[in-house]
Amino acid sequence: MSGLYDQQNIFAKILRGDIPCNKVDECDHTLSFYDIQPQRKVHILVIPKGAYTDMTDFCTNASAEEQTAYFAAIARVVGIAGLEKSGYRLIANTGTDGHQDVPHLHIHILGGEAVGPMLHRKA
Ligand code: 5GP
């Protein structure tokens with residue numbers, strides 16, 4: 001796990017139960033909950049319970065069991081949200097250029113309606 005992990009980030013607080021979340025799914029290694037500011041009709045965040053700052057940290061340092069559980073959780077949540085047939089988008093904002101606000105790995109699951117082009121064109 002990264003030595004730079006901030007134990008006070010908002011998702012660490014959710015994992016500790018210090019602040020509530022609207023839970024969708026949970027297993028030994030993951031927690032999934034609705035985003036507080038949904039950007040599409042369905043907007044769910046999937047996070048590992050381990051203290052990983054981002055995808056690079058997770059892919060480098062998480063155990064095989066944690067990694068398997070994480071991707072299984074994403075598939076499970078897609079099913080719970082009923083997005084398999086209509087489709088969805090996964091986003092993992094990472095670092096400064098990736099515009100990551102919360103420094104605990106999270107994958108956004110967006111769907112329930114057309115989510116639009118991947119990126120806006122630069123002017
Ligand atoms: P990022 O920009 O880091 O990829 O995304 C962070 C996401 O966390 C944002 O979509 C934001 O709305 C969400 N978020 C921030 N604080 C909270 C919170 O306290 N509860 C929940 N459920 N989502 C949050």
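Just so you know, ligand 1 is whichever comes first in the structure, and atom 1 is the first atom listed for that ligand.
Each of the atoms 1 (P), 2 (O), 3 (O) of ligand 1 lies under 4.0 Å from some heavy atom of D101. Ligand 1 places these atoms under 4.0 Å from at least one heavy atom of Q37: 12 (O). Against a heavy-atom cut-off of under 4.0 Å, H99 is close to the following atoms of ligand 1: 2 (O). Distances below 4.0 Å separate heavy atoms of N93 from the following atoms of ligand 1: 1 (P), 2 (O), 4 (O).
For the salt bridge (Lys or Arg N to Asp or Glu O under 4.0 Å) criterion with K49, the lone passing option out of E65, E66, E26 is E26.
Looking at L110, I36, I47, it is I36 that brings a heavy atom closest to atom 21 (C) of ligand 1. Of all the listed residues (Q100, H43, H106), H106 holds the heavy atom that lies closest to atom 1 (P) of ligand 1.
Y34 places no side-chain N or O within donor-acceptor distance of the main-chain N or O of V42, the cut-off being under 3.5 Å. Side chain of R40 to backbone of V115: a donor-acceptor contact under 3.5 angstrom is found. Side-chain atoms of T94 come within 3.5 Å of backbone atoms of A92 as a donor-acceptor pair (strictly under, hydrogens ignored).
Taking each heavy atom of D35 and Q37 in turn, the nearest pair found is OD1-N, 2.8 Å.
Looking only at protein heavy atoms, the nearest one to atom 22 (N) of ligand 1 is Y34 O, 2.9 Å. The nearest protein atom to atom 13 (C) of ligand 1, hydrogens excluded, is given as D35 OD2, 3.3 Å; this is a heavy-atom distance. Taking atom 19 (O) of ligand 1 as the reference point, the nearest protein heavy-atom neighbour is I10 CG1, 3.5 Å. Atom 8 (O) of ligand 1 has its closest protein heavy atom at F11 CZ, 3.4 Å.
Partners of H104 according to the ring-ring contact (aromatic ring centres under 6.0 Å, His included) rule, which considers only residues two or more places apart in sequence or in another chain, are Y5.
Using a 4.0 Å cut-off between heavy atoms, H108 contacts ligand 1 through its side chain alone, with no backbone atom that close.
Checked by distance only, ligand 1 and V102 come closer than 3.5 Å through their nitrogen or oxygen atoms. Every N/O-N/O distance between F33 and ligand 1 stays at or above 3.5 Å.
Other residues, nucleotides and ligands contribute over 12 non-hydrogen atoms within 6.0 Å of the CG atom of D18.
Not a single heavy atom of I91 sits less than 4.0 Å from an atom of ligand 1.
Note that the CG atom of L105 and the CG atom of D57 stand 8.5 Å from one another [nearest 0.5 Å].
Taking the centre of each ring, H106 and F11 come in below the 6.0 Å mark.
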